[in-house]
There are 2 protein chains.
Amino acid sequence: MSDGALPGPRFRRLGREVRAAMLVEAGMKVLAEGGIRAFTVDNICKVSGASRGLVTHHFGSKDGLLAAVYAAAYRPLLEAIAPEGAEPPELGELVDHLFSPANYTHETLNVWLAIWSEIATGGALRDEHRTLYARYRAVVAGAVAAQAARHGRTVNAEAMAITLIALVDGLWLELCLDPTGMTPESAKAACLALLEPVLGPLGEAA
Amino acid sequence: MSDGALPGPRFRRLGREVRAAMLVEAGMKVLAEGGIRAFTVDNICKVSGASRGLVTHHFGSKDGLLAAVYAAAYRPLLEAIAPEGAEPPELGELVDHLFSPANYTHETLNVWLAIWSEIATGGALRDEHRTLYARYRAVVAGAVAAQAARHGRTVNAEAMAITLIALVDGLWLELCLDPTGMTPESAKAACLALLEPVLGPLGEAA
DNA sequence: TTCCCTGTTGAACGATCATGCAACAAGGAA
DNA sequence: TTCCTTGTTGCATGATCGTTCAACAGGGAA
């Protein structure tokens, strides 16, 4: 009893996907708080409570983990917008989801922002972004087309989807950079103020 | 003549602001091509053709140079939108400027994107951003208010300015991330398609 | 020409980075 | 109980980072 050896196991063995999920979550937290400059193996493992070798062991490299974090950030958005096996939501519900507290979080937005720059400079994330973004845009375009047809308007649904996504992303961005005088509610209201003159009324009155 | 000494001076002495401008330009180029991860003293000095000590000497630190790069990126935008001593442009002209080749460049946009993440995570750039962005928003809000008054519409000019800026930034962002099927012209057209139903016709027919 | 201010250099430094890897041990299987 | 699979550890390594600083030299002033 005089030595410093602690009783019990020194660490816990976890299943492959459990540990991977822990690292992804830690990576997301680090990315949200400190941006891409804080996304280091040391920080991630300290937050996750794991040792430094695990990142390479589970994801091959740090960039592999970053790709997993990106996919994990996209997943809830896509599932909220296009639930599997269910029929696609109306445009009004879709916009509601985009500005819901689940997606419109300061933490989440910082993750997006940090990763966007990596994509723009041609990292390995570029291809994965193209795939996920194409799915995202297709869902939005479908909702836009349905909304337009329901109200007898003729619009270019693809172009309008790009524009709507740009508007949402831009509002996200402004909330990240300077939340002064901005709330999720005002952002959503601003979004609807531009959409409804073109696509007809959204929301419960549909 | 047998030694390797080259004739002529080994370097050129430049004025304080000349050298500083060279470093800022190099920093912008590096930032545009590789994002914040490529924004290193080594890269910057290699591109600029200067030695490593100059960054600290002229800007105090690397972050000081980053702040200067940010201000230098904002300046042409503000000057195009709110030329000093001249009366503010109409909203149509303002939008033209925002999507003009001078501002809507892939290089410029990558610089913005790289710096945005730094601002969002609370770096030293935050205060400078607040100042410059407030000026930017005020100019846009003024143009929006004038446009609305000219066409007898009543809008919340401040909120509409935030929304317009968000839309422009979002379109910039999408062009950075995935230029597929996007051009400055289509982006501008998408922007006008949302604005004109609310604010009346923009452009030459004003 | 000589002098001196100051812009410039580049090596040195310690901190921090991502990754490799051999040893270790947890915990189920037998 | 013993054995073996495999998740885990953490040190070693070499690269790269930002910053410091003493020496250097360009080029105008006198």
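The basis for the numbers below is simple: all heavy atoms, side chains too, and nothing from hydrogens, waters or symmetry mates. Since we're looking at a predicted model, the values are computed, not measured. Just so we're on the same page: letters track the sequence lines, and every chain starts at 1.
Residue contacts for A/Thr40: at a heavy-atom cut-off of 4.0 Å it reaches the sugar-phosphate backbone alone, with no base atom in range.
Put simply, NE2 on A/His57 is 13 Å from C1' on C/dG20, counting in whole angstrom units. For the pair B/His58 NE2 and D/dG18 P, the interatomic distance rounds to 18 Å; values are reported in whole Å. Between the CZ atom of B/Arg13 and the P atom of D/dG28 there is a distance of 9 Å, rounded to whole Å. Counting to the nearest Å, the P atom of D/dT19 and the CZ atom of B/Phe59 are 13 Å from each other. The interatomic distance linking B/Ile44 (CD1) with D/dT16 (P) rounds to 16 Å, in whole Å. Atom CG in A/Leu65 sits about 10 Å away from atom P in C/dT19, given to the nearest Å. When the C1' atom of C/dA18 is taken as reference, atom CG of A/Leu66 falls 14 Å away, rounded to whole Å. Counting to the nearest Å, the P atom of C/dG27 and the CZ atom of A/Arg10 are 12 Å from each other.
In this model, no side-chain donor or acceptor of A/Arg52 finds a partner on the base of D/dT9 within 3.5 Å. For A/Arg16 against D/dT6, no side-chain N or O and base N or O form a donor-acceptor pair under 3.5 Å.
Heavy-atom nearest nucleotides on DNA chain D were determined for B/Arg12 and for B/Ser61, and the one closer to the 5' end corresponds to B/Ser61. Toward the 5′ end of DNA chain D lies the nearest nucleotide of A/Arg19, the other residue of the pair B/Arg37 and A/Arg19 mapping further downstream.
Under a 4.0 Å N-O distance rule, the pair B/Lys29/B/Glu107 does not qualify as a salt bridge.
Taking every side-chain heavy atom of A/Ala50 into account, D/dT9 is the closest of D/dT9, C/dT19, C/dT9. Of the candidate nucleotides C/dT19, D/dC17, D/dT19, C/dT19 has the atom lying nearest to any side-chain atom of A/Lys62.
The closest side-chain donor-acceptor pair between A/Thr180 and A/Asp178 falls under 3.5 angstrom.
Heavy atoms of other residues, nucleotides or ligands lying less than 6.0 angstrom from CD of B/Glu25 number 12 at most.
A close approach under 4.0 Å does not occur between any side-chain nitrogen or oxygen of A/Ser51 and OP1 or OP2 of D/dT8.
A/Leu78 has its side chain within reach of A/Tyr136: a pair of non-hydrogen atoms, C-beta onward, lies under 4.5 Å apart.
Across every non-hydrogen atom of B/Lys62 and B/Val55, the tightest pair is CA-CG1, 4.1 Å.
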